Amino acid sequence: MTRSNNFLVPLLALSAATFTTVSAEMMPAGVLDSLSSSLSVTGAAAGLLVTVWAGTIALTSIPLVRVTMRWARKSVVLASLFVMAAANLATALAPTYGAALAARMAAASAHGLFWAVVVSYAASLVTPDRVGRALSIVLAGPTLAGLVGLPVGTEVAHRVGWRVTFAALAVACIACMAAIAVVVPGIGRGSAQPGAERWDRSARSVLLVAGGGFFSLVGYYAVFTFVVPISDAVAGIGADSMSGVLLTSGIGGFAGVLVAGRISDRWTISALPVTALALAASLAGMGLSSGPVVYVALVTLWGALIGVLPVVLQAHVMRVASDQFRNTAGSILVTVLNLGIGVGAGLGSFVSTLDSLALLPLIAAAVATLALAPLALLRSSRLSANPAQANRVS
């Protein structure tokens, strides 16, 4: 099948898959208390499920992309979802913390490969003038994961147990596999030569953009992984009320993703650094808030900004990467961003062991501000190389 204007149903199927995979990624944050109690580990140890997840992706994404480069993109997506289904089921049945950790590592490997391919796959389904809209649809899935998947999974975990939540995620992965197999066309074949896609001049720009995303996600995930105890420590919001707080964050994220494409296209120079700065400011505000009302408002803004960030970031990578480098750029971005997620969760775990969770949003804000450094370097280098082009894409 060639590129077509009839792209909505296939993109919705891919969006459902991104929703499911990111729900699985996020879920430990919503079930941290019940999971740690069930597996007889501390909250900090349970938080390491997020760190190990991200670290596994950082280590495996690029190698797995290279290994599967001969495969059709559709085959990679379907295989990744199958492994995620099996790994989520294994997590649900895990008798010990070690078994849960191993299952999460398997799921993370599949998740990293899936995300290294899915954005470029979505872009290949449409004509070039529709790429922005295509990415907005597919990247709405992760936002809806925060809006629906995480709150619902958290509520299910509190009512009937966290194991049921992960079993449901396994079923959802299988459902997404079936939908994609039926409605998403196979575009192109894998590369005949694994080394065909080589690094070129655009690699430096891709790395700088990814570097900005790294620091933003360190700050975000340091707080997100421990948002339940942080909310209690800073604003006096208990675990029983967190479903509602996470829902407001998800609503903010959905609103953010709705406008992200327009923001990115309208302000191509400033959209990414301004979003990164605003995210850091929202984290600082959460740490300084004086009550639950202000705190929830800031959490909503925080959610909106994390809805904007992935779309703006992915669009920027699409602009700075050469056509022949886009698949490798996708694996680089997934690797660097998940390294940021892992470092962020690790930072949160470290601060939690010091009994200083109330300070974590301020520490995270300081780290997130560092995102401006590589983005400024990218802007400076592009202006020096080609002022006219910098005005257009940086």
Side-chain angles (χ1 to χ4, degrees), residues 21-39 41-58 91 97 100-101 104-105 107-108 111 142 145-146 149-151 153-154 157-158 162 165-166 213-235 237-239 242-243 245-246 249-250 253 279-280 282-284 286-287 295 298-299 302-303 305-306 309-310 337-368:
T21 60
V22 173
S23 293
E25 177 184 10
M26 290 179 168
M27 201 54 65
V31 303
L32 197 66
D33 293 341
S34 58
L35 186 148
S36 61
S37 176
S38 173
L39 296 178
V41 296
T42 64
L48 289 176
L49 291 174
V50 178
T51 305
V52 170
W53 173 282
T56 300
I57 291 175
T91 302
Y97 175 74
L101 191 63
R104 289 290 289 176
M105 290 174 69
H111 179 85
L150 181 58
T154 300
H158 285 161
W162 64 271
T165 297
F166 280 97
F214 168 81
F215 288 113
S216 290
L217 288 186
V218 169
Y220 177 81
Y221 270 90
V223 171
F224 178 80
T225 306
F226 291 90
V227 68
V228 174
I230 287 172
S231 298
D232 189 15
V234 173
I237 300 173
M242 280 308 299
S243 293
V245 175
L246 292 173
S249 175
L279 180 64
S282 69
L283 287 166
M286 288 168 64
Y295 181 83
L298 287 165
V299 167
W302 181 57
L305 291 167
I306 206 62
L309 182 66
L337 296 187
N338 279 277
L339 183 61
I341 292 170
V343 172
L347 173 62
S349 294
F350 174 73
V351 174
S352 74
T353 63
L354 302 177
D355 295 325
S356 301
L357 279 174
L359 296 176
L360 183 54
L362 297 176
I363 297 170
V367 174

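Note that these values count all heavy atoms, side chains included, but never hydrogens, waters or copies made by symmetry. These numbers come from a predicted model, not from an experiment.
A284 approaches L362 most closely through the heavy-atom pair O-CD2, 3.5 Å. Across T56 and A108, no two heavy atoms sit closer than the pair CB-CB, 3.8 Å. Shown here for A100 and L39, the closest heavy-atom pair between the two residues is CB-CD1, 4.0 Å. Here the closest non-hydrogen pair linking A157 and V31 is CB-CG1, 3.3 Å. Between M286 and L298, the shortest heavy-atom contact is N-CD1, 3.6 Å. Scanning all heavy atoms of the two residues, the minimum distance from V22 to A145 falls at CG1-CB, 3.9 Å.
When side chains are defined from C-beta on, V234 does not count as touching L360, because their heavy atoms never get closer than 4.5 Å. Residues V52 and R104 form no side-chain contact, since every pair of their non-hydrogen atoms from C-beta on lies 4.5 Å or further apart. Looking at heavy atoms from C-beta onward, I57 lies in side-chain contact with H111 at the 4.5 angstrom threshold.
Between the CG atom of L347 and the CZ atom of F226 there is a distance of 9.5 Å, given to the nearest 0.5 Å. Here the CH2-CG distance, from W53 to L101, works out to 12.0 Å after rounding to the nearest 0.5 Å. The CD atom of E25 sits 4.5 Å away from the OH atom of Y221 when rounded to the nearest 0.5 Å.
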Original post:
Are L217 and I306 close enough, and set up right, to give a side-chain contact (heavy atoms from CB on, under 4.5 Å), and what steps lead you there?
Top reply: CA-CA 9 Å; L217 288 186; I306 206 62; 4.0 Å; yes

**OP:** Could you please spell out the steps behind the side-chain contact (heavy atoms from CB on, under 4.5 Å) verdict for V343 and F214?
**Re:** CA-CA 9 Å; V343 172; F214 168 81; 4.3 Å; yes

Subject >> Derivation of the side-chain contact (heavy atoms from CB on, under 4.5 Å) call for I230 and V223 >> reply: CA-CA 8 Å; I230 287 172; V223 171; 4.0 Å; yes

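Put simply, the side chain of S352 gets close to the backbone of S349: a donor and an acceptor are under 3.5 Å apart. Between the side chain of S37 and the backbone N or O of S34, no donor-acceptor pair lies under 3.5 Å.
Looking at residues two or more places apart in sequence or on another chain, you find no side chain to side chain donor-acceptor pair (under 3.5 Å) involving T154. With sequence neighbours excluded, the residues satisfying side chain to side chain donor-acceptor pair (under 3.5 Å) with W162 are S38. Every residue meeting the side chain to side chain donor-acceptor pair (under 3.5 Å) condition with Y295, not counting sequence neighbours, appears here in chain and number order: S231.
Atom CZ of F350 is surrounded by 12 or fewer heavy atoms from other residues, nucleotides or ligands within 6.0 Å.
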